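Here is the structure we will look at.
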Amino acid sequence: MTRLAAMISLGILMLLGGCAGWFDGPLSTLQPAGPAAHSAALLWWGMFLFATLVLIAVTALWIIALRRDPGEVSDADAQRQQNRWIWGGGLALPLGSITVLLAFGIPMGHSMLPLPAEDRVEIEVTGYQWGWRVEYPEQGIELQNEVVIPSETAVDIILRSEDVIHSFWVPRLAGKTDLIPGHTNTLRLVADEPGTYHGVCAEFCGVGHAHMQFTAEALSPDDYATWLSEQAAQQDEGETDD
Amino acid sequence: MTETTPVQPHEATEQTRSLHQTFSRVWANWPGLGSLAAVNHTTLGLRFMITGLIFFLIGGVLAMLARTQLALPEQNILTADVYNQVFTMHGTIMMFLFAIPVLEGLAIYLIPKMIGARDLVFPRITALGYYCYLFGGIIILSSLFLGVAPDSGWFMYTPLSSAEFSPGPGSDFWLLGITFVEISAMAAGIELTVSILRTRAPGMTLRRMPIFCWYILAMALMIVFGFPPLILASILLELERATGMPFFDPGGGGDPLLWQHLFWLFGHPEVYIIFLPAAGIVSTLIPVFSGRPLVGYRWVVLSIIVTGFISFGLWVHHMFTVGIPQLAQAFFSVASMLVAVPTAIQVFAWLATLWTGRVRFTLPMLWIFGFLVIFVCGGLTGVMLALVPFNWQVHDTHFVVAHMHYVLVGGMFFPLIAGLYYWLPHVTGRLPSERLGKWGFWLTFIGFNATFLLMHLTGLLGMPRRVYTYEAGLGWDWLNLLSSVGGFIMAAGVAMIVLDLLLHARLGRRAPANPWQADTLEWATATPPAPYNFASQPTVTSRHPLWDQSDVAQQMAAGEGHLGEVQQDQRDTLGTDAITARVAERCHLPGNTWLPMLSAAALAVVCIGLLIRIYPLALAGCLVAAVFLLRWSWLNGGHPLAAPLTDAELAGKDDDQSPPLESRTLDGPGRWGMIITLLANGTLYASLLFGWFYLWTASPQWSAPADSPLATLPLLATAILVTVLTLLYRDRVRHLQGGEDRHLAAALGSLTVLGAIATGAVLWVMVSAPLAATEQAHDAVLMVMLIYLFWHCGLATVLTGLQALRVRLGYVSAHLPYETRVLQPFWVYTCGVFWLSLAAFIGLPMAWGGG
């Protein structure tokens, strides 16, 4: 039994190695490009392997149980079986798994929070039906459906909504956070390296929901500084022109 | 259905034949159209299930429409607007019009038979529930054909579902229609609870109760406590839409998150309301096909209870991305994972039962096996989703769609079909086709996994839920195509099952009595069953009566047991003690009546009136419904059409009737029904208080006036008046218990007058208070609370007035004290909510101050 499970898990690993490209995509959580997304992907693969083992083991046990001839089972035997299965499978298995899972999961979740950080950048994003208004309050910059962020830097996205509930999600960088009318939420984004990352609205928000997309453009910190000053200058020009 | 002569569990003799004829005469439904007046649980249970299966097929067609649209990228078979209606209605129909009603129907059909009773304890309520379900379902479905179906998702998140962003009638169809349908869930919840607790056959102590009944008891109680938050939320949102009271609008001090809290406070227990009965089917079938009792019966009972409790503490795991404080997230994350423990205990108890038994691998067992694989998989992804950092990634993606279908289809649909094949011979007396059944299973199983196993990956690759289309090249194309193909394979499997169902009624082999050698009493009826189930009720001495008590089926069919003859042409069943199952009373059960259908029809008029905003029509519907419902309550107890006092009783000779009729006792199932109803009602009230408390402490733009806008002193005086009234009422009832009924009518009459004064006072407070209910959430909540008090005070008064009248007419007296005892908890409850409301009116501003 254990050998079978080992072979299957080995097979899965080989499969994963062989076709890693299958899991790539512009919105794939399995092609992470930021620390939060890395953690989540790691959690996924760990949980996936463990869950697969449990599923195979439980199914195999059931198949054996369905086929085996128990012979005469006295009440005392049945009691022993009860204790074995219920204490082992019903209590120890889930409680042990949960403990391990939380031991990994809680610190990982904590590290994803918008905790105080040096050189933190704050960008305000307001969702509406159906688009994203992106504002850099200090520089007075405003963009539509595009967030420009510095890479390797903690970026806090301040999220608000103008109408209904939306959800801001750049799968390759981090998890999602909702934009709720009347509330202000904060999402920490970090990109490991410069690049273009796609984002979508993840909370159903009406007929335009499927098309409420945006991009997160990560620039190297230097390029970002240059971009900021250029943009700010353009904005100033625009304003003096008016 | 063909005419099938029932298989009897006994050799018919001349004597038993005439006994059964007498029972049939008293218990039969009226013929032809008259069968619409049926109140029998067998009939109504089947109607629930058949109606539910029809809704299931409609919901399935909607799913196929959605899968067709998503099969290829950038398709325009459905527009975004239509797609939104389709997925909203698919979820709504499957949850509210299929899953819950079908399981209720199964419980309604089986429970009395399993506990050795003749019917549920409130047969007219069963019928009312059915008609509310049917009419409500038709109203909801009609929106689809009118092209104005709700399109904000089955979860109806506001503000998307609010008047501003969903101006059409779609949301109203959902809110009003679902609330209407929920009457049937509440009715079933209350009735099943009382029936299981108070009408088990003598000797069936709680320890001897079939495991299925434990599951249904848990389900029923979870309905009682789980549905009121949604009912309240629906009422509040409909009020907001119709009148502008800003409960969920941050502009007026409300909060859209309040909707989510109330919705998931219902929505998560709901998942277990669906899963537990299905798990009950598994726990019933596995021992039968293993040929030995369930291993770990007590562990399983404990798991059921623990599941019930934990399920009320997990709702926030649907809201991990809304910005809830970290500590709360950790708490709900742990709680969500812990629910895996009782589930694992059941899975391993089933395994241990199979392990120690010699298994017959029949068609129902095939479905149970399919259940196990799919459900365990869904449970495992459930634990993953409970982990907050992972949840932030996959929440609201197709990963969750996959998980949810694994849990609901695996955890509900597969056991349901197992149960269908298992109990089909009971319902029709015939066996289905083994070959078609296997085809049905494998197509469904393969199709299901093809659709949803891949969908986990679709979600991980970033596909959000509820998008009507997607661009090519995101890595989702082949996954979606395969999911759609899988969906159609599954549909073919379902078609096989339906075909099997239709064909077997004509072509199926006759099933012998108790074809699976089961242990529970439902197999002691004739198959198909007679409307009275059993000619007599047994004395149960084992958890497995048909295994351990030889001849019990024959004895019951021969009338050798309790209530083995028809008395005064009445339908009856035994009431027994909730724990020990000692005989307590004889419950007289009402026969065929049109009142439930008429009441439901009047309520449907109310629903339609509110929907099309013709409020006089709704009001008229209310009044007509009140007339029908009060007439219904009139035909109880000592009424000549119910169980009037006999000459012997009138002459004061203590009748040797043993056990006494329920209406001659002080504490029967009716009183239990009142108390359980008040528990549900109390949950609704508590949800309202929670809402107010929540808004006060968490709403972003809450504002409350520094001083209460209500006239506190008059309200305090009214509360004192209601308290005095309740005490006086209690005093009267106590006298009545002591056999003292002089001046009773006059006393109740004066209490009615006092009640009317209190009701008027509440109305005056409400009207005179300067409440800006359409501008401030604070004032809107106050208004709803005052309406709640007004309604309760008014109803208690009217019912007391009717009691006074019934005393005059001799339906209530020292011989018949029961009804006053039934009404008493209502007064106590009303008094309680008065003081609680008053404490909230005065206490909340003191504790948190004005905003």
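Quick caveat: nothing in here was measured; it's all calculated off a predicted structure. Proteins come first, then strands; the chains are lettered A, B, ... in the order of their sequence lines, and each starts at number 1.
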Donor-acceptor contact present, side-chain B:N391 to main-chain B:A386, <3.5 Å = no
message = Before we go on, tell me: are the rings of B:F263 and B:W154 under 6.0 Å apart, centre to centre?
response =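 Yes: the rings meet the under 6.0 Å criterion.
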task = Please find out if less than 6.0 Å separates the ring center of A:W44 from that of B:F399.
result = yes
In the structure I gave you, are the side-chain heavy atoms of [X] and [Y] within less than 4.5 Å of one another anywhere?
X      : Y      : value
B:V373 : B:F445 : yes
B:W476 : B:P73  : no
A:M108 : A:L42  : yes
B:H395 : B:H318 : no
A:T177 : B:W392 : no
A:R133 : A:E162 : yes
B:T343 : B:S303 : no

Give, as side chain, backbone, both or neither, the part of [X] having an atom under 4.5 angstrom from any heavy atom of chain A.
X      : result
B:V388 : neither
B:F390 : both
B:L338 : both
B:R465 : backbone
B:L372 : side chain
B:T397 : side chain
B:L380 : side chain
B:D81  : both
B:Y468 : both
B:L460 : both
B:M319 : neither
B:R292 : side chain
B:P250 : side chain
B:Y470 : neither

Picking from [options], which has the most non-hydrogen pairs under 4.5 angstrom with chain B?
options                        : value
A:G109, A:G208, A:G89          : A:G89
A:Q31, A:Q82, A:R67, A:K176    : A:K176
A:I86, A:L113, A:L43           : A:I86
A:Q129, A:M112, A:H183, A:H198 : A:H183
A:N83, A:I63, A:T59, A:I180    : A:I180
A:M47, A:Q81, A:R68            : A:R68

Identify which part of [X] has an atom lying under 4.5 Å from any heavy atom of chain B, answering side chain, backbone, both or neither.
X      : result
A:Q213 : side chain
A:W169 : side chain
A:A174 : backbone
A:L187 : neither
A:L66  : both
A:H211 : side chain
A:L93  : side chain
A:R84  : side chain
A:D163 : both
A:Q79  : neither
A:L55  : both
A:V200 : side chain

request  = Would you name the heavy atoms of B:P464 and A:A202 that are closest together and state the gap between them?
outcome  = CB-CA, 4.4 Å
note = Heavy-atom closest pair (A:A154 atom, A:V190 atom, distance to 0.1 Å) is CA-CG2, 4.0 Å
Under 3.5 Å side-chain donor-acceptor pair for [X] and [Y]:
X      : Y      : answer
A:T184 : A:R160 : yes
A:H209 : B:N84  : no
B:Q346 : B:W299 : no
B:Y406 : B:N449 : yes

ask   = Checking side chain to side chain contact (heavy atoms under 4.5 Å, CB included) against A:F168, which of A:D178, A:L189, A:N185 comes through?
value = A:L189
key: Aromatic plane relationship, B:F369 with A:W62 - under 30° parallel, 30 to 60° tilted, over 60° perpendicular   = tilted
query = Parallel under 30°, tilted from 30 to 60°, perpendicular over 60°: which one fits the rings of B:Y83 and B:F87?
reply = tilted
key: Residue-level contacts of residues 326-335 of chain B with chain A, using a heavy-atom cutoff under 4.5 Å   =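 At a heavy-atom separation under 4.5 Å, chain A is reached by B:Q326, B:S333, B:V334.
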inquiry  = Would you compute the distance between atom CG of B:L258 and atom OG1 of B:T158 and round it to the nearest 0.5 angstrom?
reply    =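 Going from the CG atom of B:L258 to the OG1 atom of B:T158 covers 10.0 Å.
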